[in-house]
Amino acid sequence: MKFYFPDSQDQVSPSYDFVNDEYSPFRVRQRDDRYAHQVVAPAPYKGILVSKAIVDGSVKGAGKYNAPQRERLYRLGVRDFFRLPEGMDSLGDCGAFNYIDETIPPYSVEEVLDFYEGCQFDEGVSIDHVIFGYKPEASDAEVDPAWAERRRISLRLAEDFLAGIEARKSTIIPFGAAQGWSPASYADSVAQLQDMGYKRIALGGMVPLKTHEIMDCLDEIEEVRDKANTTLHLLGITRIGSMEEFSKRGVASFDSTSAFRQAFMDERNNFHTAKGTYTAVRVPQVDGNPTLKRQILAGVVSQPAAIKAERECLQALREYGKEQLGLPETLAALETYLRLVDGKKWDKYHAHYTKTLADRPWKHCPCLLCKDLGVEIVIFRGTERNKRRGFHNMTVLQAKMSQLNFT
């Protein structure tokens with residue numbers, strides 16, 4: 001089972017100063033910053049996925065790449081730009097979530113092929129149009145006409161995409177995108193894509209589905225899948241607990257940012273371990289927290305007092321990480337600062353923080369980031385810590401994947 005990590009220019013600076021929370025004045029981001037596969041070993045994924053909408057932008061506006069980054073990607077190609085190691089694949093797609101509200105996709109087949117070939121991808125997904133709805137019993141005639149039209153658009157563009165690859169004699173390995181709203185519609189999309197000549201098929205629009213609904217779709221697809229030649233890719237799906245069953249139904253690869261984003265987007269499940277998750281300890285910056293800034297401007301909180309409490313809180317956490325300070329004293333310093341920031345949040349989270357600090361999960365983790373950063377990796381504060389924690393989470397996902405039986 002191959003895991004692709006969707007890129008959104010997620011890098012960390014190896015020279016970042018965690019004590020002073022500042023970058024080196026000599027840092028050049030594209031030259032110096034590192035991707036996850038450069039800072040942990042083994043690499044936590046087997047490939048990267050890059051969306052055209054992220055690089056070139058879409059109807060929603062500019063992408064995540066600035067002009068120099070975009071030009072550099074096209075000039076160097078995806079392998080050199082991302083410094084990919086030997087054996088790591090690159091997969092391009094259109095980023096259909098970025099144009100979900102449009103009647104038709106904003107890209108032509110020629111534009112997409114120009115992107116895939118210009119960036120020198122190994123593989124590319126045909127243009128699709130996401131159907132965000134699930135009605136397992138509905139036929140084409142019964143379902144929302146817009147859903148049926150989106151499926152027809154996806155299939156028509158998949159056929160044009162394959163024809164474009166053949167006409168250009170492109171080396172891009174094509175993935176046909178299948179959309180649907182039910183097991184039967186997904187199975188029919190797969191059957192049509194196989195008839196076109198696709199051997200790799202990406203199933204889109206399944207992110208909102210429950211696991212048993214995905215399984216129902218895969219079971220129906222299994223009735224039409226050419227088991228000797230056709231493999232499936234799940235777009236945006238992890239579901240680690242079901243991967244063995246997915247594999248039995250032809251799933252050979254998937255992509256997801258879930259483990260990474262939970263590090264800083266989830267309310268509580270921020271730090272992953274083999275047996276569960278922990279809540280990262282939120283220590284916001286005085287000058288970066290809107291609530292605290294308003295209180296300071298209103299005269300409710302003294303800025304010097306807030307800065308002093310912040311520094312003492314961080315110092316206590318670092319001393320605790322080095323086993324130079326006890327847990328009660330550390331929690332007391334943490335409470336003093338966080339009650340200044342938002343007392344209600346302290347009341348909400350302090351039991352979770354206590355568990356995280358008491359268990360010291362970073363001490364039991366073999367990943368290079370935990371060994372290097374120690375307690376810093378469970379501190380929820382700024383992009384450098386948060387992204388490193390996300391990279392750590394992906395190492396846990398990779399380790400769990402390695403324990404599964406895909407035979």
Side-chain angles (χ1 to χ4, degrees), residues 12 16 18-19 21 36 39-42 44 238-241 257-285 309-404:
V12 295
Y16 187 75
F18 288 93
V19 173
D21 274 315
V39 297
V40 295
T238 309
R239 315 291 170 92
I240 185 71
T257 59
S258 178
F260 175 73
R261 290 175 63 82
Q262 277 190 312
F264 48 88
M265 296 294 289
D266 198 275
E267 187 174 351
R268 291 177 181 166
N269 302 312
N270 311 122
F271 183 93
H272 295 187
T273 71
K275 295 182 178 180
T277 61
Y278 287 89
T279 302
V281 180
R282 288 163 168 78
V283 185
Q285 294 167 296
E310 176 192 24
R311 288 174 178 170
E312 290 177 350
C313 174
L314 288 168
Q315 182 63 27
L317 287 167
R318 290 174 182 135
E319 289 180 4
Y320 179 77
K322 296 174 184 176
E323 300 185 18
Q324 297 172 350
L325 190 68
L327 181 58
E329 296 84 355
T330 304
L331 289 170
L334 184 62
E335 180 178 5
T336 297
Y337 178 54
L338 294 188
R339 283 205 179 278
L340 283 178
V341 177
D342 189 335
K344 290 182 179 179
K345 283 193 175 180
W346 167 255
D347 293 336
K348 181 178 181 180
Y349 287 108
H350 81 271
H352 301 285
Y353 295 162
T354 301
K355 178 173 175 54
T356 299
L357 294 173
D359 288 359
R360 298 176 181 268
W362 64 90
K363 295 280 286 187
H364 313 296
C365 178
C367 87
L368 297 176
L369 289 169
C370 286
K371 290 182 179 299
D372 180 46
L373 294 180
V375 71
E376 297 282 358
I377 201 162
V378 297
I379 297 176
F380 195 123
R381 177 184 171 90
T383 186
E384 290 292 331
R385 289 179 183 81
N386 294 345
K387 285 186 177 181
R388 280 173 168 83
R389 192 167 54 255
F391 290 174
H392 154 84
N393 287 351
M394 288 195 290
T395 70
V396 175
L397 175 62
Q398 189 273 337
K400 288 179 179 179
M401 292 287 294
S402 69
Q403 298 298 313
L404 298 180

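Along the sequence shown, residues carry numbers from 1. All values below come from the heavy atoms of this structure, side chains included, with hydrogens, waters and symmetry mates left out.
For the atom pair NE2 of H272 and NZ of K400, the computed distance is 7.0 Å after rounding to the nearest 0.5 Å. To the nearest 0.5 Å, the span separating CG on D359 from NE2 on H364 amounts to 7.0 Å. Of the inter-residue distances, the one linking Q262 atom CD with T257 atom OG1 reads 9.5 Å to the nearest 0.5 angstrom. Considering OG of S258 and CG of N269, their distance stands at 9.5 Å, rounded to 0.5 Å. Here the straight-line distance linking atom OH of Y349 with atom CG of D342 works out to 9.5 Å at 0.5 Å rounding.
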Run the side chain to side chain contact (heavy atoms under 4.5 Å, CB included) test on H350 and L331 for me, step by step, so that the C-alpha distance in whole Å, both residues' side-chain angles and the decisive distance to 0.1 Å come before the verdict. CA-CA 8 Å; H350 81 271; L331 289 170; over 6 Å; no
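Contact annotation: the side chain of L404 approaches that of I240 to within less than 4.5 Å [non-hydrogen atoms, C-beta and beyond]. Inter-residue side-chain proximity for L334 and W346 is flagged as met; some heavy-atom pair is nearer than 4.5 Å. Here the side chains of L338 and K345 are not in contact, with every heavy-atom distance at 4.5 Å or above. Within the 4.5 Å cutoff, the side chain of T273 has no heavy atoms near those of the V396 side chain. Contact check for F271 versus T356: no side-chain heavy atoms found under the 4.5 Å cut-off. Considering only heavy atoms from C-beta on, L317 comes within 4.5 Å of L357 through its side chain. Using a 4.5 Å cut-off on side-chain heavy atoms (C-beta onward), E312 and Y337 make no contact. Put simply, the side chain of F391 reaches to within 4.5 Å of the side chain of V39, judged on heavy atoms.
When every heavy atom of A36 is checked against every heavy atom of M394, the shortest pair comes out as CB-CE, 3.9 Å. Annotation for T395 and P44: closest pair N-CB, 3.9 Å, computed over non-hydrogen atoms. When every heavy atom of A259 is checked against every heavy atom of L397, the shortest pair comes out as CB-CD2, 4.4 Å. Nearest heavy-atom pair, V341 versus P284, reported as atom, atom and distance to 0.1 Å: CG1-CG, 3.9 Å. Closest non-hydrogen pair, L368 versus A41, comes out as CD1-N, 3.9 Å. Contact between H392 and I377 at its shortest, heavy atoms only, is CB-CD1, 3.9 Å.
Classified by interplanar angle (parallel below 30°, tilted 30° to 60°, perpendicular above 60°), the ring pair F264/F260 is perpendicular. By the 30° and 60° cut-offs, the orientation of the rings of W362 relative to Y320 is perpendicular.
Side-chain N or O atoms of N393 include one that pairs as donor or acceptor with a backbone N or O of N270 at under 3.5 Å.
Sorted by first and then second residue, the pairs that involve residues 258-279 and meet salt bridge (charged side-chain N to carboxylate O under 4.0 Å, His left out), not counting sequence neighbours, are E267-K348. Here side-chain hydrogen bond (donor to acceptor under 3.5 Å, both in side chains) pairs that include residues 369-385, with residues two or more places apart or in two chains, are D21-R381, D21-R385, Y23-E384, E310-R381, R318-E376, E376-R385, E384-R388.
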